[in-house]
There are 2 protein chains.
Amino acid sequence: MPKTSTALRTRTAKTESEALRHGSRSEHVYRKLRHAIEAGEWAPGQRVMEVEVAAWLNLSRTPVRDAIRRLEREGLLQHEPHNGLIVARLDRQAVMELYVMREALEGMAARLCARHASDIEAQSLLDMVERERNLDGDAEGVARHNRRFHEAIHRGAHNRYLEKSLAAVNDSMWLLGKPLMLLPERAQTAVREHAELAAAIACRDPDAAESAARAHVRAAQRERLRRLFPENGD
Amino acid sequence: MPKTSTALRTRTAKTESEALRHGSRSEHVYRKLRHAIEAGEWAPGQRVMEVEVAAWLNLSRTPVRDAIRRLEREGLLQHEPHNGLIVARLDRQAVMELYVMREALEGMAARLCARHASDIEAQSLLDMVERERNLDGDAEGVARHNRRFHEAIHRGAHNRYLEKSLAAVNDSMWLLGKPLMLLPERAQTAVREHAELAAAIACRDPDAAESAARAHVRAAQRERLRRLFPENGD
DNA sequence: GTGCACTCTAATGTATACACAAGAACACTC
DNA sequence: GAGTGTTCTTGTGTATACATTAGAGTGCAC
């Protein structure tokens, strides 16, 4: 019974972990691996081995293990029966499930955002849309901005559990390949959809916000499926 | 660049991890800790230290760390600025957010279950309700059965991302104290609500299923808030 | 007496060494 | 030549020792 230690509550605290972990090697490994996956440098299906990563980054296996476990729980790495640990690979069914979930969560976030966001947060969304229009040429910039815009909505919903789930789902999106926002035609459409979404939130219209968000996700899904499974005509 | 290792894909597999981890000490620690939290033996706010847990279970810190990290990511443990790692403590706001999220996810699961569950799965839900009626006296049994019933719905939705999110949210529920199902009056009402929910699913009526699930969660929430914050009259 | 700096300590972060499990390759038998 | 047993390789699981850090307490100066 761990409770036996008497000085339990009074004793020192240790490690205001946030600060510490920021600079920790474990965190460093985590960022590196995550970046490698997000940037597509590590393709789905590729094996990931503790020893290799450790050798790569000149570290011991301990922090590497930490990072790997974290990515595993986030769904970016997975165990495959006869292949050990690999970068997660999504089959068609998983992709469909992912988008169903994303549509629901983004819809919920938009709805809650319309109800709970502060006026400043709502205004900031409108500003972001405005700025987005001016990024026209810069594909990378648009993609980055897109991410920020959605994260702002997630925060505006003021629900930390929703935020976490959304983060998990959107992380898994990286496994599908490069963001569609890098494509000019998708970017243009998306900006219009963002404008509609932000407007609905600013008007405090939950129903409109939810359906705008859902439509936005569905549009992305259609485009994505066309690229992932072109054989299906669709 | 970890890719440099040539024999990457062809080389041996290692550890069909599922099997291995089942018996691993890490897994053992995880279960123990989780059970301690679920059973309320460790109250929210209580400090958790690697060394203590390791001493308690007669293990080294390594597997303990693993388990702790996992629980941390699941939200059952959390870092508190001047207190180190503690069993997560939910403030009122967090409780509200948790229930909002739970209502949405359970609603979604019910809706998807009505659409996607196989006939066998749907029938099985009806059977479970029937069996539940006969557990009348056995509070523990009812609580266990309740859990299974909901998990069956989650599975029936056939969406692994939804399932994972629901598991996370429901795990956090344990931090609020004992399940309400242990209370006879709540159990009785819940059985009726379950019947309605299962019926809606069996009828393949997504709208009815979703609203039944949402109503069920809201009823639980009302009861819970009454117990957690009696001062608010409500 | 109050404030600051120093040291000391407890807890976690990291490295390393060893244990163990599971394929894969090889050799041996039939 | 094919099947099977054995050994060898490889990768992860676990233990332990050491490094590091951040609080807490103590003592000194003012």
Side-chain angles (χ1 to χ4, degrees), chain A residues 2 4-33 46-73 77-87, chain B residues 2 4-33 46-73 77-87:
Chain A
T4 48
S5 102
T6 59
L8 200 68
R9 305 297 309 287
T10 63
R11 196 58 242 124
T12 177
K14 194 272 146 175
T15 173
E16 178 159 344
S17 181
E18 286 324 308
L20 205 169
R21 293 180 81 170
H22 188 72
S24 80
R25 311 191 196 204
S26 197
E27 178 73 16
H28 178 232
V29 178
Y30 174 76
R31 285 169 195 272
K32 280 281 203 188
L33 295 190
Q46 169 159 357
R47 280 197 74 196
V48 174
M49 284 172 298
E50 295 178 3
V51 271
E52 278 198 3
V53 175
W56 176 38
L57 298 175
N58 260 312
L59 288 169
S60 80
R61 277 172 52 216
T62 314
V64 173
R65 276 178 71 84
D66 252 46
I68 284 182
R69 287 294 159 78
R70 200 164 149 195
L71 290 164
E72 206 181 327
R73 269 214 60 78
L77 300 179
Q78 74 188 165
H79 280 283
E80 203 175 55
H82 287 275
N83 228 352
L85 190 68
I86 62 171
V87 177
Chain B
T4 48
S5 104
T6 59
L8 199 68
R9 304 297 311 286
T10 63
R11 194 61 242 125
T12 177
K14 194 271 146 176
T15 173
E16 177 160 342
S17 182
E18 286 323 308
L20 206 169
R21 293 179 82 170
H22 188 73
S24 79
R25 311 192 195 205
S26 196
E27 179 73 16
H28 178 233
V29 179
Y30 173 75
R31 286 169 195 271
K32 279 281 202 188
L33 295 189
Q46 170 158 357
R47 280 197 73 195
V48 174
M49 284 173 299
E50 295 178 3
V51 271
E52 279 198 0
V53 174
W56 174 39
L57 298 175
N58 260 313
L59 288 169
S60 78
R61 279 173 50 216
T62 314
V64 173
R65 277 178 71 85
D66 253 46
I68 284 182
R69 287 294 159 80
R70 202 165 148 194
L71 290 164
E72 203 182 329
R73 269 213 59 78
L77 299 179
Q78 75 188 161
H79 280 284
E80 202 176 56
H82 288 273
N83 230 349
L85 190 68
I86 62 171
V87 177

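Side chains are part of it too, since the values below use all heavy atoms of this structure and drop only hydrogens, waters and symmetry mates. Given the structure is predicted, the values throughout are model-derived calculations rather than measurements.
Here the side chains of A:Val87 and A:Leu77 are in contact, with some heavy-atom distance below 4.5 Å. Counting heavy atoms from C-beta on, the side chains of B:Ile86 and B:Gln78 come closer than 4.5 Å.
Within 4.0 Å of A:Val48, counting heavy atoms only, lie sugar-phosphate atoms of the nucleic acid but no base atom.
Side-chain atoms of A:Arg61 never come within 3.5 Å of backbone atoms of A:Ala54 as a donor-acceptor pair (strictly under, hydrogens ignored).
Closest to the B:Arg47 side chain, of the nucleotides C:dA11, D:dT14, C:dT14, is C:dA11.
Distance A:Arg70 CZ to C:dG13 C1': 15 Å, rounded to the nearest Å. The distance from atom NE2 of B:His28 to atom P of D:dG13 is 17 Å, rounded to the nearest whole Å. Nucleotide D:dG13 holds its C1' atom 17 Å from the CE atom of A:Met49, rounded to whole Å. The interatomic distance linking B:His79 (NE2) with D:dA22 (P) rounds to 13 Å, in whole Å. One can place CD of A:Glu27 at 18 Å from P of C:dT12, the figure rounded to the nearest angstrom. Atom CD in A:Glu52 sits about 11 Å away from atom C1' in D:dG11, given to the nearest Å. Counting to the nearest Å, the P atom of D:dT10 and the CG atom of A:Leu85 are 19 Å from each other. Whole-Å rounding puts the A:Ile86 CD1 to D:dT12 C1' distance at 17 Å.
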query = Would A:Glu72 and B:Arg70 satisfy side chain to side chain contact (heavy atoms under 4.5 Å, CB included), going step by step from the backbone distance to the final call?
reply = CA-CA 10 Å; A:Glu72 206 181 327; B:Arg70 202 165 148 194; over 6 Å; no
ask   = Can you list the steps and then say if B:Trp56 with B:Leu33 is a side chain to side chain contact (heavy atoms under 4.5 Å, CB included)?
value = CA-CA 11 Å; B:Trp56 174 39; B:Leu33 295 189; 4.0 Å; yes
Atom pairs, protein N/O to nucleotides 15-18 of chain C N/O, distance under 3.5 Å:
from: C:dA15; atom 1: OP1; to: A:Arg25; atom 2: NH1; distance (Å): 3.0
from: C:dA15; atom 1: OP2; to: A:Ser60; atom 2: N; distance (Å): 3.0
from: C:dA15; atom 1: OP2; to: A:Ser60; atom 2: OG; distance (Å): 2.7
from: C:dA15; atom 1: O5'; to: A:Ser60; atom 2: OG; distance (Å): 3.4
from: C:dA15; atom 1: N7; to: A:Thr62; atom 2: OG1; distance (Å): 2.7

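Of the side-chain N and O atoms in B:Arg65, one or more sit less than 4.0 angstrom from OP1 or OP2 of C:dG13.
Taking CZ of A:Arg25 as the reference point, atom OG1 of A:Thr62 lies at 10.5 Å (rounded to 0.5 Å).
Residues passing the salt bridge (charged side-chain N to carboxylate O under 4.0 Å, His left out) test with A:Arg65, sequence neighbours excluded: A:Glu50, B:Asp66.
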